[in-house]
Protein chains: 2
Amino acid sequence: MKKVSSQINPDEACKTPCFDQDKVAAIKSILSEEEERLPELAAFYKLLGNTTRLKILFALGESELCVCDIAHVLELSTAATSHQLKSMRQQGWLRKRDDGKMVYYRLHSINLLKALKGDLKILEAQLR
Amino acid sequence: MKKVSSQINPDEACKTPCFDQDKVAAIKSILSEEEERLPELAAFYKLLGNTTRLKILFALGESELCVCDIAHVLELSTAATSHQLKSMRQQGWLRKRDDGKMVYYRLHSINLLKALKGDLKILEAQLR
DNA sequence: TTATCATTTTCGCAAATGTAGAAACAAATG
DNA sequence: CATTTGTTTCTACATTTGCGAAAATGATAA
């Protein structure tokens with residue numbers, strides 16, 4: 001069932017020569033197509049992997065808000081809030097609108113929020 | 001347009017009293033319903049926010065694999081690989097199957113992989 | 001102009017986090 | 001028994017991170 005190839009290079013990083021070399025090669029080849037994108041995808045999820053930022057996204061899902069309002073919702077300083085907003089704006093998730101001294105943020109894409117809510121449901125299903 | 005309420009508590013964490021107190025209260029109330037779940041959701045995304053783990057998921061999307069094969073695909077030690085596998089198994093994403101000395105891992109839910117591939121497409125759309 | 005206000009940015013740090021190595025351990029095999 | 005495969009614990013290291021403090025920006029008001 002398990003083909004332990006005789007042509008294993010002893011210099012391999014993994015010392016256990018248990019693997020199916022052909023299978024590994026095939027999967028490496030398949031992965032190589034997506035490999036470039038994976039760091040981007042990881043960065044995408046990293047940005048989502050923070051309760052404060054998720055709160056911001058859910059809050060903006062309700063309504064456009066100024067930085068100060070968001071800061072109050074989060075009970076956080078405006079500087080810290082602004083920092084988080086910037087990171088998400090850079091990711092393309094948020095848009096800003098200047099109005100005098102105030103700056104208003106809103107979701108750029110409603111799809112993101114939908115995805116979040118969908119994932120919340122998946123999560124609940126997992127936990128049952 | 002902006003209602004600056006007179007009943008602002010001067011002890012507020014945020015020093016700028018620019019906010020629409022009613023709006024903030026309303027949004028806080030709405031968020032409070034989801035607030036409990038948000039740390040879980042963040043943990044979910046944190047686990048996805050790593051290129052190595054994403055590689056594992058995509059690899060297992062192709063085929064069930066033993067730890068050693070996965071380690072070779074990742075070019076990582078079996079110990080490190082096993083650690084990552086454990087974290088994802090704990091999250092409920094993977095299942096393991098013992099077969100003699102070998103241990104095989106597979107995706108528990110195909111939905112996760114579908115979601116990943118969907119998010120990859122969203123990402124590509126964003127970047128255009 | 002000067003002052004004030006909302007926000008942004010820079011700097012920097014303390015704390016948290018994550019990754020993975022080494023080695024001990026477990027379980028299966030021969 | 002010795003090997004093999006995988007897991008776990010302990011550990012150390014580097015990196016990341018979130019955020020405070022304070023200066024800077026840019027708009028508005030006096």
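Any value given below was found using the heavy atoms of this structure, including those in side chains, with hydrogens, waters and symmetry copies removed. In the text below, chain A, chain B and the rest are named by the order of the sequence lines, each starting its count at 1.
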Undergrad: Let me know the distance between NZ of B:Lys46 and P of C:dA16, rounded to the nearest Å.
TA: 12 Å
Undergrad: From the list D:dG20, C:dT9, D:dT7, which nucleotide is the closest neighbour of the side chain of A:Lys86?
TA: C:dT9
Undergrad: My understanding is that only residues two or more places apart in sequence, or in another chain, count here; which of them pass side-chain hydrogen bond (donor to acceptor under 3.5 Å, both in side chains) with A:Glu64?
TA: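 Checked A:Glu64 against side-chain hydrogen bond (donor to acceptor under 3.5 Å, both in side chains); matches are A:Arg97.
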Undergrad: Looking at A:Glu124 and A:Lys121, does any basic side-chain N land under 4.0 Å from a carboxylate oxygen?
TA: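 Salt bridge absent between A:Glu124 and A:Lys121.
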Undergrad: Just the rounded figure in Å: distance from C1' of C:dA6 to CG of A:Leu76.
TA: 16 Å
Undergrad: Residues in side-chain hydrogen bond (donor to acceptor under 3.5 Å, both in side chains) with B:Arg95, at least two apart?
TA: B:His108
Undergrad: Run the salt bridge (Lys or Arg N to Asp or Glu O under 4.0 Å) test on B:Arg37 and B:Glu40 for me, step by step, so that the C-alpha distance in whole Å, both residues' side-chain angles and the decisive distance to 0.1 Å come before the verdict.
TA: CA-CA 5 Å; B:Arg37 302 275 183 207; B:Glu40 290 168 21; 3.8 Å; yes
Undergrad: Report the distance from atom NE2 of A:His83 to atom C1' of C:dC13, rounded to the nearest whole Å.
TA: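 These atoms are roughly 13 Å apart.
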Undergrad: On the nucleotide D:dG18, are OP1 or OP2 found under 4.0 Å from the side-chain N or O atoms that A:Asn50 carries?
TA: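 So the side chain of A:Asn50 is within the cut-off, an N or O lying under 4.0 Å from OP1 or OP2 of D:dG18.
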Undergrad: Check whether any side-chain N or O of A:Ser77 sits under 4.0 Å from OP1 or OP2 of D:dC19, and answer yes or no.
TA: no
Undergrad: What's the CG-P distance between B:Leu74 and D:dG6, to the nearest Å?
TA: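 Rounded to the whole Å, the gap is 13 Å.
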Undergrad: Looking only at non-hydrogen atoms, find the nearest pair between A:Leu120 and B:Leu41 and report the distance.
TA: CG-CD2, 3.9 Å
Undergrad: Take the angle between the ring planes of B:Tyr45 and A:Tyr45 and call it parallel below 30°, perpendicular above 60°, tilted in between.
TA: parallel
Undergrad: Would you mind building the protein contact string for nucleotides 22-30 of chain D? One character per nucleotide, 5' to 3', B for base within reach (heavy atoms under 4.0 Å), S for sugar-phosphate only, - for untouched.
TA: B----BS--
Undergrad: Could you tell me the separation between the CG atom of A:Leu65 and the P atom of C:dA6, rounded to a whole number of Å?
TA: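 My rounded result for the distance is 16 Å.
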Undergrad: Does C:dG18 have its OP1 or OP2 closer than 4.0 Å to a side-chain nitrogen or oxygen of B:Gln84?
TA: no
Undergrad: Any idea which of D:dC19, C:dT9, D:dG6 is nearest the A:Ser82 side chain?
TA: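 The nucleotide sitting nearest to the side chain is C:dT9.
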Undergrad: Rounding to a whole Å, what distance do you find between A:Arg97:CZ and C:dT8:P?
TA: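 Distance, rounded to whole Å: 13 Å.
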Undergrad: Identify, between A:Arg53 and B:Tyr105, the residue whose nearest nucleotide on DNA chain D lies closer to the 5' end.
TA: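 Nearest-nucleotide comparison on DNA chain D picks B:Tyr105.
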Undergrad: In this structure, how many angstroms lie between the P atom of C:dG21 and the CD atom of B:Glu75, rounded?
TA: 13 Å
Undergrad: Want to settle it: does B:Lys96 or A:Ala80 sit nearer the 5' end of DNA chain D, counting the closest nucleotide to each?
TA: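 Whichever sits nearer the 5' end wins; that is B:Lys96.
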Undergrad: Could you report the tightest heavy-atom contact between B:Lys55 and A:Leu31, atom names first, then the distance?
TA: O-CD1, 3.9 Å
Undergrad: Using atom CE of B:Met88 as one end and atom C1' of D:dT7 as the other, report the distance to the nearest whole Å.
TA: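 Computing the B:Met88:CE to D:dT7:C1' distance gives 15 Å.
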Undergrad: What contact category does B:Arg89 fall into here, base, sugar-phosphate, or nothing, at under 4.0 angstrom with non-hydrogen atoms?
TA: nothing
